[in-house]
Asks: 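One structure coming up, written as structure tokens, with questions to follow.
First listed ligand is number 1; within each ligand, the first listed atom is number 1. Predicted model, so just to flag it, every value in this text is computed and none were measured.
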Amino acid sequence: MKTTLTSIIGTKYPLIQGGMAWVADANLAAAVSEAGGLGLIAAGPMDKERLRSEINKVRSMTDKPFGVNIMFMSPHTPDLAAVVIEEKVPVVTTGAGSPGKYIASWKKAGIKVIPVVASTGLARRMESLGADAVVAEGSEAGGHIGELTTMTLVPQVADSVSIPVVAAGGIADGRGIAAAGMLGASGVQVGTRFLASEECNIHMNYKALIIKSKDIDSRVTGRSGGHPVRCIKNQLTREMEKMEKKGASFEELEALTIGSLRKAVIDGDLKCGSFMAGQISGMIKRIMPVKEIIEEMFTEYEKIMSRGGSI
Ligand code: TUI
């Protein structure tokens with residue numbers, strides 16, 4: 001498949017893996033890249049030496065293009081931003097903040113830069129600073145989210161910039177890819193579906209929760225503190241909701257969630273973990289190899305398009 005996105009990132013399919021902090025390691029990234037998408041290492045919780053070692057590991061597992069996701073809530077961001085240059089990483093995506101001050105140095109190093117945005121304003125700012133494409137991520141997505149849904153964000157971003165737009169949030173099958181195309185996107189970013197992949201190194205409880213979850217099982221907490229995060233509902237999201245109703249401060253809420261993503265991914269702590277996942281998790285019914293997930297998605301997409309995109 002050729003789209004304006006595949007010619008930038010050099011992949012077989014116009015698909016980027018979500019940069020899921022604590023989840024997306026070299027194993028998942030290499031599997032996605034080897035299957036024809038763009039695999040990402042989530043630098044999120046890593047220090048620079050851990051990131052360097054994950055980059056080397058991906059390179060030992062695949063010779064296909066891959067990327068690193070840098071999210072701006074990490075204290076290691078300046079170091080991580082330097083490592084991607086030193087290691088000549090082909091693509092960088094960013095999240096949870098503006099990569100403004102790093103774009104020029106990444107571009108100078110020949111890195112393709114694809115910031116994740118949740119508004120047209122940030123998309124335009126990223127284009128003017130030299131971004132190669134943007135991921136427009138709607139609030140159906142898991143983890144840290146913006147205000148707008150994928151349905152409303154993607155076409156507005158597509159109308160606002162001339163660089164390719166990648167749709168994200170709620171996409172887990174061929175229908176989602178076709179819909180993204182209709183909204184003006186040149187590709188998709190997929191996160192939640194890869195949580196239920198064989199190559200994803202998360203605790204079994206996390207995968208089981210994705211498989212078990214229904215359409216209405218996710219909750220957004222943290223809106224009151226300005227950091228809305230979507231997770232599968234559990235004891236932690238219920239406690240957060242109670243505290244937010246009582247008007248708890250940002251610090252009190254943070255105290256409750258500190259380390260909670262690690263508790264989900266590593267410990268499988270069903271009560272106190274933050275099981276970040278998108279609203280589409282209700283559609284995900286079994287754990288599959290990454291290659292089968294990607295091929296199934298694009299086979300279904302081709303089938304829909306061969307009918308002229310009608311449903
Ligand atoms: O970044 C994400 N999703 C994430 S990051 C993450 S790590 C985390 N760990 C613990 C608690 C909370 C988060 C989990 N999920 N998606 C991309 C994304 N970026 N969505 C929204 C944004 C965003 C929001 C505001 C980007 C920029 C922004 O403001 C930029 C500015 O300065 O105007």
Asks: What side-chain donor-acceptor pairs closer than 3.5 Å can you find for residues 268-275, not counting sequence neighbours?
Replies:
unit_1 : atom_1 : unit_2 : atom_2 : d
Asp269 : OD1    : Lys271 : N      : 3.1
Asp269 : OD1    : Cys272 : N      : 3.0
Ser274 : OG     : Ser260 : OG     : 2.7

Asks: Is the ring pair His144/His227 parallel, tilted or perpendicular, if the boundaries are 30 and 60 degrees?
Replies: tilted
Asks: According to a hydrophobic-cluster definition based on side-chain heavy atoms being under 4.5 Å apart (Ile, Leu, Val, Met, Phe, Trp, Tyr only), do Tyr102 and Val83 belong together?
Replies: yes
Asks: If the condition is side-chain hydrogen bond (donor to acceptor under 3.5 Å, both in side chains), which residues does Glu137 pass it with, not counting sequence neighbours?
Replies: Gln189
Asks: Considering residues at least two apart in sequence or located in another chain, which fulfil the side-chain hydrogen bond (donor to acceptor under 3.5 Å, both in side chains) criterion with Glu54?
Replies: Arg50
Asks: Any salt bridge linking Arg230 with Glu140? Criterion: basic side-chain nitrogen under 4.0 Å from a carboxylate oxygen.
Replies: no
Asks: Give the protein residues with at least one non-hydrogen atom closer than 4.0 Å to an atom of ligand 1, ordered by chain and number.
Replies: Met71, Met73, Gly95, Ala96, Gly97, Ser98, Val116, Ala118, Leu122, Arg125, Glu137, Gly143, His144, Val229, Met276
